[in-house]
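Below is one structure, written out as structure tokens; comments come after it.
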Amino acid sequence: MNKPSIVSGIQPTGPLHLGNYLGALKNWLEIQNSGKYDCFFFIADYHSITEDYDAQEKRKQIFELACDYLAAGLDPKKSIIFIQSQVPECTELAWIFNTLTPVAELERMTQFKDKSQRQAKNINMGLFAYPILQAADILLYKGGLVPVGQDQVQHVELTRDCARWFNNKYKVKYFPESKPLLTETPKIMSLLAPENKMSKSLGDKHWLGIDELPELFAEKIGKAVSTPAGIENLKTIYQAFKRKMAGEFNPEKMAETKKIIAKGIADYFADFRAKKEKFKEDKKFVLDILAEGRQKAQAIAQKNIKEIKKIIGVE
Ligand code: AQP
């Protein structure tokens with residue numbers, strides 16, 4: 001492992017939507033297949049428990065997300081695919097970064113402000129410190145580039161700051177200064193409220209799950225708002241899947257255009273849906289891949305955390 005590292009993750013909180021795919025996962029595949037990087041793609045389960053959740057359901061969501069990764073084309077021969085909590089060294093590094101991060105920096109985080117409003121009865125410490133765990137996830141593997149959607153840019157900037165604070169305090173050049181790597185579609189908007197990013201928490205009709213049935217694509221896109229912002233968002237989606245679109249994008253004929261988009265997306269993800277079903281039926285195969293990923297990730301994590309602990313004077 002001696003190429004530059006790329007690290008990114010997605011939370012297991014339910015089905016992947018078009019925003020997750022166009023903002024992150026699609027980019028991961030291109031990066032993986034370029035062969036230029038050591039790739040680490042993880043299932044961010046520790047991040048996801050900062051929200052209310054059900055433990056049984058969480059287990060299923062983790063497994064389903066692993067199937068999503070594999071069905072989309074992440075390849076264990078080319079990338080290290082693992083579950084965040086299975087490599088707990090990230091929490092040790094997060095603690096070290098806790099001691100370097102001014103509280104005021106975390107108070108500025110827009111995702112924390114949004115989520116505090118959304119889950120006003122559960123503003124827990126994990127939600128507040130979420131960007132520090134994210135910094136640890138990335139820097140534990142010395143991730144330089146971080147392929148994420150627009151909403152995560154502020155967190156990646158904090159990751160860069162953690163690297164700087166650490167390097168300056170301990171007078172080393174240990175961590176790289178991470179940078180976000182955005183796609184051409186870094187922010188897909190909600191279908192019903194296009195002033196907001198597409199997000200599951202807005203409600204079912206706001207987002208398109210990439211494994212949803214073609215009928216649902218037709219229904220949800222059919223009901224998407226046709227305001228200027230809504231049309232712009234549909235155009236972005238249309239462009240992203242252009243090679244599957246059997247017709248032009250015509251803003252004067254949105255009913256027809258929406259049918260073209262729904263069919264184009266359904267066709268694009270047909271192969272994904274079929275593969276995902278197969279992976280779901282072969283649980284052992286998927287769990288073995290995750291076990292192998294854990295082993296590979298942990299070998300690097302343990303080596304690095306030992307070096308880090310030496311630098312900070314506790315080992
Ligand atoms: N709308 C989006 N457009 C582009 N990229 C997006 N991402 C998320 N939404 C969009 C990117 O997907 C990756 C995984 O994000 P996450 O694990 O933080 O998931 P999320 O954003 O929390 O997903 P939801 O559905 O929006 O969940 P809720 O509603 O529960 O918060 C990241 O790279 C992110 O930038």
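All ligand and atom numbering here is 1-based and tracks the order in the structure. For the single chain, residues carry numbers from 1 onward in sequence order. Note that the structure is a prediction, hence the values are computed from the model and not measured.
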Pro186 near ligand 1 by a heavy-atom separation under 4.0 Å: yes
What atoms of ligand 1 come within less than 4.0 Å of a heavy atom belonging to Ser201? 28 (P), 29 (O)
Non-hydrogen atom of Met189 closer than 4.0 Å to ligand 1: no
Would you kindly check if the NZ (Lys) or CZ (Arg) of Lys280 is within the cone defined by 45 degrees around the ring axis of Phe63 and under 6.0 Å from the six-membered ring centre? no
I want to check something: taking the side chain as every heavy atom from C-beta on, are Val172 and Phe166 in contact at a cut-off of under 4.5 Å? yes
For Tyr268 and Lys26, the nearest pair of non-hydrogen atoms, with its separation, is OH-CE, 4.0 Å
His17-ligand 1 polar pair, N/O distance under 3.5 Å: yes
Closer than 4.0 Å to some heavy atom of Arg118 - which atoms of ligand 1 meet that? 28 (P), 29 (O), 31 (O)
Aromatic ring centroids of Tyr69 and Trp28 under 6.0 Å? yes
Check this for me - ligand 1, Ser199, N or O atoms closer than 3.5 angstrom, yes or no? yes
Could you tell me which atoms of ligand 1, counted from 1 in the order shown, lie closer than 4.0 angstrom to a heavy atom of Val148? 33 (O)
Asp151 versus ligand 1: do any nitrogen or oxygen atoms come within less than 3.5 Å of each other? yes
Heavy-atom proximity to atom 20 (P) of ligand 1, picking from Lys200, Glu51, Lys197, points to Lys197
Please list the nearest protein heavy atom to atom 33 (O) of ligand 1 with its residue and the distance rounded to 0.1 Å. Gly149 N, 3.2 Å
Lys NZ or Arg CZ of Lys142 over Tyr174 ring: under 6.0 Å, within 45°: yes
Under 4.0 Å from a heavy atom of Ile188: which atoms of ligand 1 are those, numbered in the order shown and with their elements? 1 (N), 2 (C), 3 (N), 4 (C)
Is it true that a side-chain atom of His47 and a backbone atom of Tyr130 form a donor plus acceptor pair closer than 3.5 Å? yes
Considering Leu65, Val146, Asn20, Asn233 one by one, which has a heavy atom nearer to atom 8 (C) of ligand 1 than any of the others? Asn20
Using a 4.0 Å heavy-atom threshold (strictly under), name the region of Lys187 that reaches ligand 1: side chain, backbone, both or neither. backbone
Does ligand 1 have an atom under 4.0 Å from some heavy atom of Ile10? yes
Below 3.5 Å, N or O to N or O, backbone or side chain included: is there any such pair between Gly9 and ligand 1? no
